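Predicted model, so just to flag it, every value in this text is computed and none were measured. Below, chains carry the letters A, B, ... as their sequence lines are ordered, and counting in each starts from 1.
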Protein chains: 2
Amino acid sequence: MRAPDVTSGGDPARTLALLWREPSTAARRGPQRGLNLDAVIEAATAVTDTEGLTGLTMRRVAQELRVSPMTLYTYVPGKAELLDVMLDAAYARMSRTDTTGQPWRVRLTAVAEENRALFTTHPWTATVSTLRPPLGPGAIAKYEHELTALDGLGLDDVEMDDCLTLLLSFVQANARVAADAHATARLTTVTDEQWWAAAGPLLARVLDPAAYPLASRVGSAAGAAHGSAHDPAHAYEFGLRRLLDGLATLIERATPAASGNS
Amino acid sequence: MRAPDVTSGGDPARTLALLWREPSTAARRGPQRGLNLDAVIEAATAVTDTEGLTGLTMRRVAQELRVSPMTLYTYVPGKAELLDVMLDAAYARMSRTDTTGQPWRVRLTAVAEENRALFTTHPWTATVSTLRPPLGPGAIAKYEHELTALDGLGLDDVEMDDCLTLLLSFVQANARVAADAHATARLTTVTDEQWWAAAGPLLARVLDPAAYPLASRVGSAAGAAHGSAHDPAHAYEFGLRRLLDGLATLIERATPAASGNS
DNA sequence: TCTATACGCTGTACAATGTACAGCGTACGA
DNA sequence: TCGTACGCTGTACATTGTACAGCGTATAGA
C-alpha cells in the first residue's frame with residue numbers, strides 16, 4: 001500500500017472494532033498471545049516519537065518487541081490501522097484542563113495549549129492527515145472536551161464546530177512546521193540555521209534588491225527578528241492572538257453582553 | 001534518501017543554480033542534450049497533477065519523456081531538487097492580480113484566492129512542506145507581490161511578514177484537507193462520503209450520547225450541514241472571514257483612520 | 001584532419017519497505 | 001484423545017530512489 005499516513009482504506013468496521021477494543025466473538029483456541037494491542041501501540045509510539053514517522057516501520061516495531069515482523073499482523077490489520085490506534089491512544093492520553101466559569105478566551109487558549117502540548121510530545125501527530133479522524137474513544141473524548149470550551153457562548157452547533165475546526169487547524173499547521181524542521185534535521189544532518197546561513201549569501205548574489213524591494217527588505221527584517229526565516233513559536237503567539245480577535249467579533253455578536261463571558 | 005517531500009538535503013548552491021538557471025561554466029562537449037530542465041519540470045508536474053505526489057516517481061516521469069529513468073539525473077541532482085524546481089515553476093506561473101488602491105480586505109482576499117487557485121490546479125503544492133521554500137525566481141516574485149498587498153497599512157516589516165505567513169498558512173492548511181481527500185479517494189477507491197456513510201452507523205452503535213452529549217449533537221449537526229464531516233469550502237469561507245476580522249484589530253490600530261485604507 | 005576527452009544516456013544492481021503466503025507447532029473444544 | 005483454529009515465523013515479491021560502470025558521441029586541441 002502507498003501513503004498510509006491516513007486512515008485505513010480498509011474495512012471501517014474492522015478499524016472501529018480495534019479502536020473500541022471490541023472482544024473477538026469466538027472462543028480462543030491455539031497458543032496464548034504473547035503480546036496485546038496496547039503493547040504494540042506503546043512500542044510503535046515510542047519508536048515514532050524518537051525517530052519520526054519515517055522511522056515507523058513494521059520491522060522496527062517488531063524488533064522493539066523482540067518478535068518477527070509478521071507477528072504484528074496478528075494484532076493489527078496493517079500499518080494504516082496501526083497509525084489510527086496510535087493516534088487515538090495519543091488523544092486519549094491528552095491532559096484536559098477544566099476551565100468552566102472562565103472567560104472564553106482563557107478557555108480557547110487552554111484548548112490550543114493542550115493540542116500544542118500533544119504536538120510537542122508526539123511531533124508525528126501534527127503531520128498525519130485528520131481528514132478521516134480515528135473515531136475511537138480518545139478522539140471522541142477530545143472532541144467532547146473541546147466543545148465544552150465553546151458551549152454557552154450563544155453559538156449554534158455548526159458555528160461551534162466551525163470555530164473549533166479553525167482553532168485546531170491553526171495549531172496543527174503551526175506545529176507541522178516545527179515537526180518538519182525536526183524531521184528534516186534528523187534526515188539531513190544540516191540544521192535549519194546552517195541551511196539558511198548557506199542559502200542566504202548565495203541568494204544575495206542572484207537577487208536584485210531593486211527588482212524585489214519589499215521581498216529583500218521584509219525578508220531580511222523577518223530573518224533578523226527571529227533567528228531563522230520562520231519562528232514557529234513567534235508565529236503561534238501572533239496567530240493565536242489574531243485568531244481569537246477574529247472569533248471575538250463572532251462570539252460577542254452572539255452574546256452582546258460579555259467579552260468576559262463564562 | 002527518505003521523505004524527500006522537502007527541500008534538498010543536498011547542496012544549497014547546486015539547488016540555487018538550478019532554480020536560477022545558471023548556465024554551466026565550461027564549454028559543452030559530447031552529445032547534444034535531448035531534453036532540458038523545463039521539459040522535465042513540465043512532465044513531472046503533469047504526472048503529479050493527475051496522479052498525486054505518490055504518483056511522482058522518477059521512472060514514471062522518465063516514461064513520460066520516453067527516456068530511461070537514470071537520464072533524469074543528468075538534468076536534476078535528485079528527486080528532492082526536482083520537487084524544488086517544480087514548486088518554484090508553479091509559483092512563477094501563478095496569476096497576480098493588481099489590487100493597488102483597493103481596501104486592504106479586498107487585497108488580502110485576492111492574495112488568498114490566488115493561493116487557493118494554485119492549490120486547486122496543483123493539489124500537491126498544498127501538501128509539501130514550505131519550511132525551506134525554493135528560493136527561486138518564482139517564489140521571490142510571489143513573495144514580493146503578496147507583500148505589496150500589505151504595504152502602506154502602517155505595519156512594520158516583521159508584522160507584514162507575520163500577517164502574510166498567517167494568511168498563507170491558513171489557506172494551505174485548508175487546501176491540504178481537500179488535497180488529502182483527493183489523494184485518499186485515488187488510493188482507496190472508497191470516497192469520503194462512502195467512508196462516513198459506513199463509519200457513521202457503526203460509530204452510533206458504540207457511542208453513548210449520554211456520555212458525550214456535545215460531541216454527538218454537534219457532530220451530527222455539522223455532518224448534516226455539510227455533506228461530509230468536513231467541508232473545506234465552508235471552512236475556507238468561515239476561516240477567512242474570522243482571520244480578516246482578527247487582522248483588522250491589528251491593522252486598524254496601526255492606521256486608525258481607515259477600515260477602507262488603500 | 002586526427003584524436004583524446006568530457007559528457008549524454010543506459011542497464012544493472014542494491015537496500016529498504018509493506019505485506020501475501022504457506023508451514024509449523026500449540027492448546028482448547030469435542 | 002484428537003482434530004482444528006490460531007499464534008508465530010521465514011521466505012518471497014513488487015516498488016522505490018539512485019550508485020556505478022560502460023558505451024557512444026561530438027567537440028577542443030594537435
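- A donor-acceptor pair under 3.5 Å links the side-chain atoms of D88(B) to the main chain of A139(B), judged by distance alone.
- Considering only side-chain N and O atoms, R29(B) lies nowhere under 4.0 angstrom from the phosphate OP1 or OP2 of dA28(D).
- Regarding L72(B), its CG atom lies at a distance of 14 Å from the P atom of dT16(D), rounded to whole Å.
- Between L35(B) and R59(B), the one whose closest nucleotide on DNA chain C sits nearer the 5' end is L35(B).
- A cation-pi contact, defined as under 6.0 Å to the ring centre and within 45° of the axis, links R33(B) to Y75(B).
- Between dG7(D) and Y75(A), no contact under 4.0 Å exists linking OP1 or OP2 to a side-chain N or O.
- The residue among G34(B) and P31(A) whose nearest nucleotide of DNA chain C lies closer to the 5′ end is G34(B).
- Taking atom CZ of residue R66(B) and atom P of nucleotide dC9(C), one finds them 16 Å apart after rounding to whole Å.
- When the side-chain nitrogen and oxygen atoms of T71(A) are compared with OP1 and OP2 of dC8(D), none of them lie within a distance under 4.0 Å.
- If you check distances only, the side chain of R60(B) never reaches the base of dT15(D) with a donor-acceptor pair under 3.5 Å.
- Contacts of L56(B) with the nucleic acid, taken as non-hydrogen atoms under 4.0 Å apart, involve only primed sugar atoms and P, OP1 or OP2.
- The distance from atom CG of N36(A) to atom P of dG7(D) is 13 Å, rounded to the nearest whole Å.
- When distances are taken from the side chain of V67(B) to each of dT16(D), dT10(C), dG10(D), the shortest belongs to dT10(C).
- At whole-Å resolution of the value, CE in M70(B) and C1' in dC23(D) are 15 Å apart.
- A straight line from CG of L83(A) to C1' of dG18(C) spans 13 Å, rounded to a whole angstrom.
- Atoms CZ (R28(A)) and P (dC6(D)) sit 7 Å apart, rounded to a whole Å.
- As a whole-Å value, the separation of L65(A) CG from dC8(D) P is 11 Å.
- Considering only the side chain of Y73(A), dG18(C) comes nearest among dG25(C), dG18(C), dC9(C).
- For R132(B) and D180(A), the salt-bridge test fails: no basic side-chain N is under 4.0 Å from an acidic carboxylate O.
- By the 4.0 Å N-to-carboxylate-O rule, R14(B) lies too far from E81(B) to be salt-bridged with it.
- When each of M58(B) and G30(A) is assigned the nucleotide of DNA chain D with its nearest heavy atom, G30(A) is the one assigned upstream, toward the 5' end.
- Between T125(A) and A90(A), the shortest heavy-atom contact is CG2-CB, 4.4 Å.
- A straight line from CZ of R33(A) to C1' of dA5(D) spans 13 Å, rounded to a whole angstrom.
- Each of Q32(B) and P77(B) has a nearest nucleotide on DNA chain D; the 5'-most of these lies closest to P77(B).
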